[in-house]
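For clarity, every value in this text was computed on a predicted model and none was experimentally measured. Throughout, protein chains are lettered first and strands after them, A, B, ... in sequence-line order, and every chain is numbered starting at 1.
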Amino acid sequence: MGVSSRYWNLWCLSPASEKLGYENCLIPTAQVFARNQLASAQDGVIQSTLLSYFHAKSATATATIQAQAGLCLRCYVSASILKACHTIDHLFGSDKAFTYRDLLPFVLNDDGKTPVILDHDRKVQLVVLSNEQLQATAYQFFSVEVLRTFKSEAQSSLSLDNWTFLRTKQNVELKQFLAEFGFQHLSDWALLNRARPHQLERLSERDRHLVNVFHQVYRRDRRQQLAGSKRCPDPTTEQLQEMMTDLQAKTIVISIASELLKALKHVAAQLRQYDLWSHRVPLEVHDADTGRDTIRSDLPGSDADESDLEQQELLTFFHQQLNLALNAAITKELRDRVAALERSKRYAPLATQFIPGLRLYYGEALSLKEIAPLLGMSSWDQARRVLNPGDLLSKVRALTVQRVLDRLLEQAQQKGFAQTPPEPNYLRILAEQVEAVADQEIFQAAVEEMRAGQCRSFNSVYAQQLRLYLNECRENQSHE
Amino acid sequence: MSNLPSSLTTSRLLLPETIWLEPEQMEQAKTMSERARSETQRWESYLNALALLAFEQWLSDRLPEYAIVRSPKPIESISYIQVNGFTVCLLAVEHVLDETVRVSQAVVEQTALAAHFYVVQEVSEEQALVTVRGFCRYDELSRNCHHYQVRDGYYQLPLSFLDAEPNHLLFYCRSLQPSAIALPTSAATVATERFLGSLAKPTTTLTQWLQGAFDESWQAIDQLINPDAYLSFSTRTVEPGAKRGKLINLGVQLGQQTVALLVNVTPEAEGKLGVLVQLHPTGETRYLSPNLTLSLRSQTGKMLQEVTSRSQDNYVQLKPFKGRSGTRFNVAVQFDHETVEENFEL
């Protein structure tokens, strides 16, 4: 086994807006260092070897060597930082006011060039100049900051990956950004509605009472509001009066409605802090015996034994099936979607706009906002619900994987590799393998181009196949 | 294949499985939540109903070939559905920012609440949006849940415990047999099976004994045990009644030694019957082998009495009991792994 290419591939910002906002850059200095210095290192000790070079544990290490080892580690950490940004985006859910792209500049700020080491006390970052002179720097690389605070010596410390995730979540600028934009899509009142005991216990006792009283009154009336009134309105004077009466019973006296409104908004402002919702150490468990947080080894999935799957034979078979499955899945899901729209009371009049709408989306690369008026739809929200390209992609992905999985399973069963019916773990491992290849060959690109910003273009295999089908539909229509 | 970089996670991170709720569904959820007692529960129930409606839609879009049936709610706060023989327990949460999912201990540990799959969905009420965050299988959950902290009767599962690919649930439902994920058998099922099994075996009707009718396998007691023991059995039961015994062979375990199961039935007031059951050594043997167990169960298999022989017991007996005519019970003699059962009806 060689050294992982993670140690010389740096994930860095890519300002081009049609891209994902980041790109992978090969760092030759890191690659050369890894090849020369780590060639003989055992698999399990590569990271600790690099860390000891970086922290100058070896007597022969010069500042330049330290910095080169550091560069390898910075590359490694950059992948975890990127993953952390994706994860935070994912955790906040859909339909919010920010994406991972907004988070990247705070934490993915490594240029992959500047040689940096730490001072003896591991307090500050120092730039290594050409003559091995060291210079303090005002500009802090976040990746180096992660390494600076990482305590690899502690026996059961977090892994570097998990430490990076934790540090990224705790990055001050990132948290400030999230406080402003993380919950921007939620009204104060939806945020208060959401608060659960875990959040409440971090508020003052008085604020807890305010939230509890608010829940009793506002949630009750919220359920009674007319369907379709989505955004939570400000509490009415009557509601505030009722809350004030309830508060009096808890010996909290607020006698003016506007005062209570202000107080509730103040609580909501506190709830916009990410810290109140997140968890300090999510990935580790506390070991009562040692008093330390340790990395869990019990997560399912680690028992995957891929060698069982007679991989090569199935892989050949798989590639033949993949494109067939994709085409069939696109055809079926488009038909199903049109049929579902025709059946729907609300959207039946717009069913005929589905195919033309997708053509504008995938053919002309128009946004849903731009498409809505062109097709006589009332709003972006309606275009999103009717066209829902994300849902279509998701369903095509599921069906493609399912079809290939069925064929593979059939073959595996015929050849005696799998039982009939299969074992749950076998089925999952097989599904994960199919997903990995299907994502790599088709869906990863399709998802990325959909998530890309302005000026995007749809060039993925998925988009091409979809356009073929959409154009066929047009020809069929013109022949009729 | 194993060397390919796994892009699965990134794909899922970028394309979560979301369901937009329509006003009709929100309206329906309001109605469904009216019955809950307190306002806190009503809100909980409302969110659960939204999750249920969204999931039904998600699942029926993807598995149109199967019927999706709502299960009657065993507990108010959680919904269950059945699909292709699988039970799915739906857990609704409002956010997963703490990367923790609270799962009630009851839904894992109580046999009536256990499900093949547990699906976690995030409900964003204001946005009318539901996200399928992931799911786990019963076998994985029951095997691992004790690793996690329990707070107020809830396991604090890390979000990463879940299978974040909801499509796997579809694959399981299509390709597996429900028996592949063994659920705990409920006490009621055990009892029913035992009851049905007991019906299949011959039953001795004790009322008939009082009329002088005996099955030939039940013999007069003096033919079975030594006279001293016979004396003690006779003098202890002064009431008129019928006494009979049966030889029981527990095979190699007892070195071919047999024991005698003695039953005395007497008429009692109010039309009831009194029963005394003893276990004696046979022939010249003075003591029972130690660790012989004599037990009494109800017809549904509920253990009512149990007694185990010690090193020098001349005999063991169940506490005398009474019952109405028609009552069924089961007496078992057990040694090591060998059990001999007798079914009776009063």
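The candidate from A:Ile88, A:Asp406, A:Thr99 with the greatest count of non-hydrogen atom pairs under 4.5 Å with chain B is A:Asp406. For the set A:Arg346, A:Lys395, A:Arg220, the entry with the most heavy-atom pairs within less than 4.5 Å of chain B is A:Arg346.
Within the 4.5 angstrom heavy-atom criterion, atoms from both the backbone and the side chain of A:Asp95 approach chain B. For A:Thr87, the parts lying near chain B are the backbone and the side chain together; criterion is any non-hydrogen pair under 4.5 Å. Contacts between A:Glu423 and chain B at a heavy-atom distance below 4.5 Å involve the backbone alone (N, CA, C, O). Contact annotation for A:Leu186: both backbone and side-chain heavy atoms come within less than 4.5 Å of a heavy atom of chain B. With a 4.5 angstrom heavy-atom cutoff, B:Arg102 does not touch chain A via any of its atoms. Looking at B:Asp139, neither its backbone nor its side chain comes within 4.5 Å of chain A, counting heavy atoms on both sides. Within the 4.5 angstrom heavy-atom criterion, atoms from both the backbone and the side chain of B:Gln177 approach chain A. Residue A:Asp89: no heavy atom, backbone or side chain, is found under 4.5 Å from chain B. With a 4.5 Å cut-off on non-hydrogen atoms, A:Leu409 touches chain B through its side chain but not through its backbone. Of the two parts of B:Glu22, the backbone and the side chain both hold a non-hydrogen atom closer than 4.5 Å to a non-hydrogen atom of chain A. Contacts of B:Ile19 with chain A are absent, with no heavy-atom separation under 4.5 Å from either backbone or side chain.
Atoms CD and CG, on B:Glu39 and A:Asp221 in that order, are 8.0 Å from each other to the nearest 0.5 Å.
Aromatic rings of B:His95 and A:Trp277 (six-membered ring for Trp) have centroids within the 6.0 Å cut-off, being under it.
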Could you walk me through whether B:His168 and A:Glu435 satisfy the side-chain contact (heavy atoms from CB on, under 4.5 Å) test, starting with their C-alpha distance in whole Å, then the side-chain angles of each, then the deciding distance to 0.1 Å, before giving a yes or no?
CA-CA 10 Å; B:His168 291 171; A:Glu435 278 153 2; 2.8 Å; yes
